[in-house]
Amino acid sequence: MNINLPKLVLALVAFIGLSNRPIRPEESYVDQFKSMAISEMKRTGIPASIKLAQGLTESMSGRSELALNANNHFGIKCKGDWDGETYQYKDDDINKNGELIHSCFRKYSSPEFSYIDHSDFLLNRTRYKMLFSYDKTDFRSWAIGLKACGYATDPTYAEKLIEIINRLDLYNLDIIESPEIDLFPFVKVENTMEQPTKVVISETEQSIKSINTESVQINASNLVKKKKGHSRHSHRKVTRKG
């Protein structure tokens, strides 16, 4: 089998470079909460891609003040029906003098409860009823619908959700039956989001480095498909208030 040696060398160099980069906050966040998003999708019909995109956007990949201090990953305010713990945070409410004042936000005992409450928040409010007429694989309609229903004040909110979903391939989560899916095949998270580690390479991937590129003999039956890694970038918090 003929092998293009220069291209193979470039591919190996790119792969080795990827293996040495730090884990991005977005990757760590998705790895931590994808199972929860899929579980809630099965329970309520809200696309896992939408939930994760909102969580990434609203919580700055789990690093916002609300996420760190109140486990609030979706920027949900107290509202009149909330009887749980609260957290005061200056967001977008102003007084009669035009001064920014503290707003009451919901506080949870864990991020998982924030994910569950976010689903119930959408389910139990008439303003979001139209969203549940969309298929769980139609993330674009969900993104546009969330903005139309007034979930966020940012005029580009829908576009930002769609961009995140496409860039991170989160739509793959909307069509699987099991939460055991690896969106980032070369990344293995071994600690918390606050302290990202280096990428850990499996034995199969490690063996690639030992290939002698000057005399490569590859049998077609032994070719191994390799997935392409993705570069992630954090997003600033988007003003929200559903």
Side-chain angles (χ1 to χ4, degrees), residues 23-34 36-38 40-41 44-67 72-77 79 89-94 100 103 105-106 111 114-115 117-123 125-176 181 183-184 187 193 228-242:
I23 296 173
R24 306 293 183 184
E26 286 182 335
E27 294 172 338
S28 186
Y29 186 93
V30 172
D31 186 80
Q32 181 174 355
F33 294 110
K34 63 186 178 183
M36 192 68 203
I38 293 171
E40 283 300 283
M41 175 178 66
T44 67
I46 300 172
S49 62
I50 283 290
K51 188 172 285 287
L52 282 172
Q54 285 194 276
L56 283 162
T57 301
E58 300 290 346
S59 74
M60 295 177 62
S61 300
R63 297 173 296 164
S64 70
E65 179 179 338
L66 281 174
N72 190 328
H73 284 233
F74 297 93
I76 298 180
K77 292 183 177 179
K79 304 297 182 181
Y89 174 71
K90 288 184 178 181
D91 185 54
D92 60 355
D93 287 331
I94 57 176
L100 194 64
S103 301
F105 284 85
R106 301 183 181 192
S114 178
Y115 267 67
D117 189 53
H118 170 258
S119 300
D120 293 340
F121 184 84
L122 297 181
L123 276 170
R125 280 170 168 72
T126 304
R127 67 191 294 185
Y128 298 115
K129 183 178 180 179
M130 62 169 285
L131 296 175
F132 295 90
S133 65
Y134 302 135
D135 191 89
K136 66 182 179 66
T137 62
D138 188 4
F139 67 86
R140 290 179 178 82
S141 292
W142 274 84
I144 295 170
L146 279 165
K147 178 63 184 75
C149 292
Y151 190 94
T153 57
D154 184 347
T156 63
Y157 190 73
E159 289 80 0
K160 288 180 177 179
L161 294 183
I162 293 171
E163 188 276 331
I164 291 173
I165 292 170
N166 281 324
R167 178 162 49 80
L168 301 184
D169 297 334
L170 297 180
Y171 48 78
N172 288 325
L173 296 172
D174 299 337
I175 59 176
I176 65 174
I181 181 174
L183 293 180
F184 313 113
V187 175
M193 292 183 295
K228 181 180 179 182
H230 297 277
S231 176
R232 309 292 180 248
H233 302 280
S234 299
H235 282 263
R236 293 183 179 178
K237 179 179 181 293
V238 175
T239 303
R240 120 118 193 101
K241 302 318 112 185

Go through the steps to decide whether Glu40 and His118 satisfy the test side chain to side chain contact (heavy atoms under 4.5 Å, CB included), and finish with yes or no.
CA-CA 10 Å; Glu40 283 300 283; His118 170 258; over 6 Å; no

If you define the side chain from C-beta out and look only at heavy atoms, does anything of Leu123 sit under 4.5 Å from Tyr128?
no

For a quick test of reading the model, state the closest non-hydrogen atom pair linking Tyr171 to Phe139 and the distance between them.
CB-CE2, 3.7 Å

What are the two closest heavy atoms between Ala158 and Lys147, and how far apart are they?
CB-CB, 4.2 Å

Is the ring pair Tyr151/Tyr157 parallel, tilted or perpendicular, if the boundaries are 30 and 60 degrees?
parallel

How long is the gap from CD on Gln32 to OG on Ser61, to the nearest 0.5 Å?
11.0 Å

For Lys136 against Ile175, the heavy-atom pair lying closest together
NZ-CA, 4.4 Å

Sidechain-backbone polar pair: Thr57 side chain, Gln54 backbone, donor-acceptor under 3.5 Å
no

ring-ring contact (aromatic ring centres under 6.0 Å, His included) with Tyr115: which residues, sequence neighbours excluded?
Phe33, Phe74

Could you grab the distance from atom CD1 of Ile76 to atom OG of Ser114, nearest 0.5 Å is fine?
6.0 Å

Rounded to the nearest 0.5 Å, what's the gap from CG on Asn172 to OG on Ser49? Could you check?
9.5 Å

Exercise: identify the closest heavy-atom pair between Ile50 and Ile165:
CD1-CD1, 3.9 Å

Does any part of the side chain of Met41, heavy atoms only, come nearer than 4.5 Å to the side chain of Leu173, both counted from C-beta?
no

Distance-minimising heavy-atom pair for Ser119 and Thr44
CB-CG2, 3.8 Å

Pair Leu56, Lys160 - check side chain to side chain contact (heavy atoms under 4.5 Å, CB included), show working.
CA-CA 11 Å; Leu56 283 162; Lys160 288 180 177 179; over 6 Å; no

Has Thr156 got a side-chain atom pairing as donor or acceptor with Glu159's backbone, closer than 3.5 angstrom?
no

Considering all heavy atoms of both residues, which atom of Asn72 and which atom of Gly75 are nearest to each other, and what is their separation?
OD1-N, 2.9 Å

With sequence neighbours excluded, what pairs up with Asp174 under the salt bridge (charged side-chain N to carboxylate O under 4.0 Å, His left out) test?
none

Could you verify whether a donor N or O on one side chain and an acceptor N or O on the other, from Tyr29 and Asp31, lie under 3.5 Å apart?
no

Residues passing the salt bridge (charged side-chain N to carboxylate O under 4.0 Å, His left out) test with Asp120, sequence neighbours excluded, are Arg43

Would Met36 and His73 count as a side chain to side chain contact (heavy atoms under 4.5 Å, CB included) if you check the C-alpha gap in whole Å, the side-chain angles of each, and the deciding distance to 0.1 Å?
CA-CA 13 Å; Met36 192 68 203; His73 284 233; over 6 Å; no

Look up atom SG in Cys149 and atom CD1 in Ile144, then write down how far apart they are to the nearest 0.5 Å.
11.5 Å

Candidate pair Leu52 and Ile164, rule side chain to side chain contact (heavy atoms under 4.5 Å, CB included), full reasoning:
CA-CA 9 Å; Leu52 282 172; Ile164 291 173; over 6 Å; no

Is Ser59 reaching over with its side chain to a backbone N or O of Gly55, donor-acceptor style, under 3.5 angstrom?
yes

